[in-house]
Amino acid sequence: MRRLKGSSLTLGLSTMAMMASFVIWSVFSPIAGQIQELFHLSTIQKSVLIAAPVLLGSVLRIPMGIYTDRFGGKRVFAATMLFLVIPPLIAGWVHTFWRLLLCALFIGMAGTTFAISLTYVSRWFPPERQGLVLGLAGLGNLGGAVASYTSPFVFNRFGLPWVFWSLAVMIVIVTFIFWIGTKDLPAPAQVKTFRQSIVVLKDQSTWYLSVFYFLTFGGFVAFGAYLPTFLKDLFHLSATDAGMKTAGFVVTATLIRPVGGYISDRIGSRKVLVVVFAGIIITSLAMAATLQQFTGFSISCLVAAALLGVGNGAVFKMVPEVSSGNTGAVTGIVGAAGGVGGFFPRLYSVLLKIYQAPIHLDLFC
């Protein structure tokens, strides 16, 4: 298949836009401890604040992927990024938990750019290159690492409001660059309705891929969101040190994602995933055995990061193979499963705390 003109530029700018959006999506976790002190939050409130954008950004990937197929990636991507200007601007002014939580929910829209980006980019490349290309597009996850480093720095230097306001300025600039540098491919001859697109839920392959991504990307998101708090509580690191080490985990998992896609292009995703899941079992046991040893625990986390990154690339190599013209719908559903996988451990943690302290109704007040 002849390479489409402008495909490399589309890939590069889409990855940049997704990365910028993920910086916004990941803003709360690295500074959750400072926000807890400023707003006098309970542990449950802090956990809910971190989890809220992850959940909304994951679930809404389904309609956003479908709308990208219908209306074009350029317009949907740009509109989503412009919307992301609003919640950070408001968040810089709020002084109560509930208003900040409402902003966090809307900030969750940043997580939907995953489905938008991969759906948009996949149309520009032939099937035999989808593994590598979608792995490269997934480098937008590096936004989480950027947030882990920059959010504590901006907070310590300029205060909480400017953490949010600087993100609003950043996303305006990125939206402008993306808009002038990209274009949409011609729309399909017959555009499917939402109901026609969602029919992929009846396909068994969609559910298999969703389970796989629930485990691989879910593990990545869970680590990225909770590792800063975990490192501070278990090893007594500062917020900045914990953020830097979490950034290392995120960078490792993200940079190796194209490798997983490339290997899957060569030998097939199924063989890659067998190795990945077997390796995750082993590294999980290693992490459990090194909870009191920082070096051993760190090495186990980095190995897990590499395996999860390879698994992410392998899963999305399979998406175009089973999408049957519904790439946006399958991408959205599988991406949503991955995001919910990252939210699931935090939900369990919150419910456990509520169960352990059922009479303390002021936890949410």
A side-chain contact here means heavy atoms from C-beta on lying under 4.5 Å apart; do [X] and [Y] qualify?
| X | Y | result |
| --- | --- | --- |
| L231 | K245 | yes |
| V85 | V169 | no |
| L160 | F39 | yes |
| R257 | V310 | no |
| V174 | W179 | no |
| L255 | L142 | yes |
| L101 | Q45 | no |
| I107 | L84 | no |

>> Within this structure, what is the CZ-NZ distance for the pair R266 and K317, rounded to the nearest 0.5 Å?
In response: 9.0 Å
> How far does CE of M64 sit from OG1 of T112, to the nearest 0.5 angstrom?
Replying inline: 4.5 Å
>> Taking side-chain contact (heavy atoms from CB on, under 4.5 Å) as the criterion, tell me which of V163, I50, L49 meets it with I35.
In response: L49
> V315 pairs by side-chain contact (heavy atoms from CB on, under 4.5 Å) with which of V211, L215, L273?
Replying inline: L273
Determine the minimum heavy-atom distance between [X] and [Y], stating which atoms define it.
| X | Y | answer |
| --- | --- | --- |
| Y120 | T68 | N-CG2, 4.2 Å |
| L11 | V121 | CD1-CG1, 3.8 Å |
| A336 | I62 | CB-CG1, 3.8 Å |
| M287 | A304 | CE-CB, 4.0 Å |
| I256 | A305 | CG2-O, 4.5 Å |
| L302 | G248 | CD2-O, 4.2 Å |

> Would L9 and T182 count as a side chain to side chain contact (heavy atoms under 4.5 Å, CB included) if you check the C-alpha gap in whole Å, the side-chain angles of each, and the deciding distance to 0.1 Å?
Replying inline: CA-CA 7 Å; L9 182 61; T182 59; 5.7 Å; no
> Counting only heavy atoms not in F277, do more than 12 fall under 6.0 Å of its CZ?
Replying inline: yes
Please list, one pair per line, the donor and acceptor atoms closer than 3.5 Å that link side chains of residues 18-26 to other protein atoms, with sequence neighbours excluded.
unit_1: S21; atom_1: OG; unit_2: A17; atom_2: O; d: 2.9
unit_1: W25; atom_1: NE1; unit_2: P53; atom_2: O; d: 2.7
unit_1: S26; atom_1: OG; unit_2: F22; atom_2: O; d: 2.9

Any donor-acceptor pair under 3.5 Å linking the side chain of [X] with the backbone of [Y]?
| X | Y | value |
| --- | --- | --- |
| N141 | T254 | no |
| K46 | A32 | no |
| R61 | T331 | no |
| T119 | I116 | no |
| S117 | F114 | no |

In one Ile/Leu/Val/Met/Phe/Trp/Tyr side-chain cluster, 4.5 Å: [X], [Y]:
| X | Y | value |
| --- | --- | --- |
| I281 | F214 | no |
| M318 | V274 | no |
| M170 | I177 | yes |
| L60 | L82 | no |
| L291 | L237 | yes |

> Centres of the F235 and F294 rings: under 6.0 Å?
Replying inline: yes
>> Quick check on the 6.0 Å ring-centre criterion: do F164 and F28 meet it?
In response: yes
>> Go through it in stages, so that I can follow the logic: the residues are V133 and S122, the test is side chain to side chain contact (heavy atoms under 4.5 Å, CB included), and I'd like the CA-CA distance, side-chain angles, deciding distance and then a yes or no.
In response: CA-CA 8 Å; V133 167; S122 66; over 6 Å; no
> Do T175 and I171 pass the side chain to side chain contact (heavy atoms under 4.5 Å, CB included) test, and can you show the C-alpha distance, the side-chain angles, and the key distance before you say yes or no?
Replying inline: CA-CA 6 Å; T175 303; I171 202 66; 4.3 Å; yes
>> The test is side chain to side chain contact (heavy atoms under 4.5 Å, CB included); show your working for I90 and F106 and say whether it passes.
In response: CA-CA 11 Å; I90 298 175; F106 287 114; over 6 Å; no
Run the side-chain donor-acceptor check on residues 144-154: report pairs under 3.5 Å with partners two or more places apart or on a different chain.
unit_1: S148; atom_1: OG; unit_2: G144; atom_2: O; d: 3.0
unit_1: T150; atom_1: OG1; unit_2: V146; atom_2: O; d: 2.7
unit_1: S151; atom_1: OG; unit_2: A147; atom_2: O; d: 3.1

> With W162, which residues qualify under ring pair (Phe, Tyr, Trp, His ring centres under 6.0 Å), at least two apart?
Replying inline: W165
